[in-house]
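Note that ligands are numbered from 1 as they come in the structure, with each ligand's atoms numbered from 1 the same way. Bear in mind that the values here come from a model prediction, so they are computed numbers and not experimental data.
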Amino acid sequence: MKQTVLITGGAGFIGSHVVRRFVRNHPEYLVVNADKLTYAGNLANLTDIEKMPNYIFHKMDIVNRREVDELFEKYRFNLVIHLAAESHVDRSISSPDLFIHTNILGTVNLLNACRAQLTAGEDTLFYHISTDEVYGSLGAEGLFTETTPYDPRSPYSASKASSDHLVRAWFHTFGLPVVISNCSNNYGPNQFPEKLIPLAINNIINRHEIPVYGKGENIRDWLYVEDHAEAIDIIAHNGKRGNTYNIGGNNEWKNIDLIKLLCRVMDDKLGRRSGESEELITFVKDRAGHDLRYAIDSSRLTAETGWVPRHDFAAGLAVTADWYLENSRWLQDVISGDYASYYEEQYIKR
Ligand code: NAD
Ligand code: TYD
């Protein structure tokens, strides 16, 4: 019998890679992508698989309980992979309320719908996709493990930490089968140009300043998005119920060093003079409450499943740069509309 999987937020950056992977690699699943299509959701991310017979899209707001319940009534999901969220730290600083609604209340609606199926005697695995930012900020040494105490410091990370706690509460209190993974910073094709790497690529293409917050000394651990999608596939099928898995790239970069590397890659691809793009680097006012360093220990996942990141950073960055250069129409489309006012609010008035 066919299994049904719900992927929320499947029109977004990571979600679209997860949807593609499940549609292509798991013909035994009917893959239902439910997404509100906010500024970050884009069905153009999925044109290559949209006509596959095991794929269906539903426009749905996870904050709307009736819409969620109706979808569950229709499909009786065996597996829910929950990615839908407001995902950008800077936006959470300017508009925290939306993050509380989507990331916390939206998650609770999905948990309740899964619980209703459990009560009806059906077994549904709820897989929550979360972030390493729930652990707070590291100093120069050490790595986040699954037992690192939660210490979220931005409205975004606090909303994700809240939803992680609620998922665990539904496991312990109501017996709902759950699994959680907390991943480091992703990069790759289809990422909205508000996050560091695609924002810098877009600005380099257009010869606009590249805004680097503070002194550019903050450190992130970068993972290619398809490596994350593979880890999600593995955890969905082999993760222990009730468990948490950290996922990371073992690939720490200071922001300024990453941007300089990206500038060299882009000069090369655009046929520009060596050093030309680096001249666009502009140090701007720091982000409020800017976490210094994130770095992940993913040894639990590797020990249990053998997963390791496959993509080397230089190669992944080159593929990413090529993708944005070859998909100028995609880029133009996503930066039309509200992007100019977002950019002005965030960077020009900064
Ligand atoms: P994204 O912003 O690119 O996509 C989010 C998607 O969720 C969009 O398609 C959007 O339309 C949808 N969405 C938003 N609100 C919704 C609602 N109310 N109802 C239904 N759909 C809604 O985000 P992303 O970077 O792909 O992140 C996906 C998930 O992975 C998030 O839960 C995020 O916290 C987590 N995560 C992201 C990263 C990263 O580096 N981007 C790292 C670790 C974890
Ligand atoms: P971002 O891509 O927003 O991810 P996160 O804040 O979730 O880690 O930012 C990555 C790093 O880059 C972070 O330290 C903030 C910094 N940054 C800049 O310096 N300039 C920018 O324009 C952006 C968007 C981020």
Please determine whether a side-chain nitrogen of the Lys or Arg among Arg293 and Glu252 lies less than 4.0 Å from a carboxylate oxygen of the Asp or Glu. yes

Atom 43 (C) of ligand 1: the protein heavy-atom neighbour that sits closest, reported with distance to 0.1 Å: Cys183 O, 3.3 Å

Before signing off on this row, confirm whether Pro211 and ligand 2 have an N or O atom pair separated by under 3.5 Å. yes

Would you indicate which of Leu258, Ile210, Asn255 comes nearest to atom 12 (O) of ligand 2 when only heavy atoms are counted? Asn255

Contact partition for Leu37 relative to ligand 1, non-hydrogen atoms under 4.0 Å: backbone

Atom 7 (O) of ligand 1: which of Ala40, Gly41, Ala85 has the nearest heavy atom? Ala85

Check each atom of ligand 1 against the heavy atoms of Ile129 and keep those under 4.0 Å away; list them by number with element. 30 (O), 32 (O)

Can you tell me which residue and heavy atom of the protein come closest to atom 15 (C) of ligand 2, and the distance to 0.1 Å? His290 NE2, 3.4 Å

If we set the cut-off at 4.0 Å for heavy atoms, which region of Tyr156 has an atom near ligand 1: side chain, backbone, both, or neither? side chain

How close does the nearest protein non-hydrogen atom get to atom 40 (O) of ligand 1, and which residue and atom is it? Asn186 N, 2.9 Å

Which option wins on minimum heavy-atom distance to atom 44 (C) of ligand 1: Ser130, Ala11, Gly248? Ser130

Taking N or O atoms only and a 3.5 Å limit, does Asn185 qualify as a polar contact for ligand 2? yes

Presence of salt bridge, Glu279 and Arg273, under 4.0 angstrom: yes

Could you find the nearest protein heavy atom to atom 24 (C) of ligand 2 and give me its residue, atom name and distance? Glu194 O, 3.1 Å

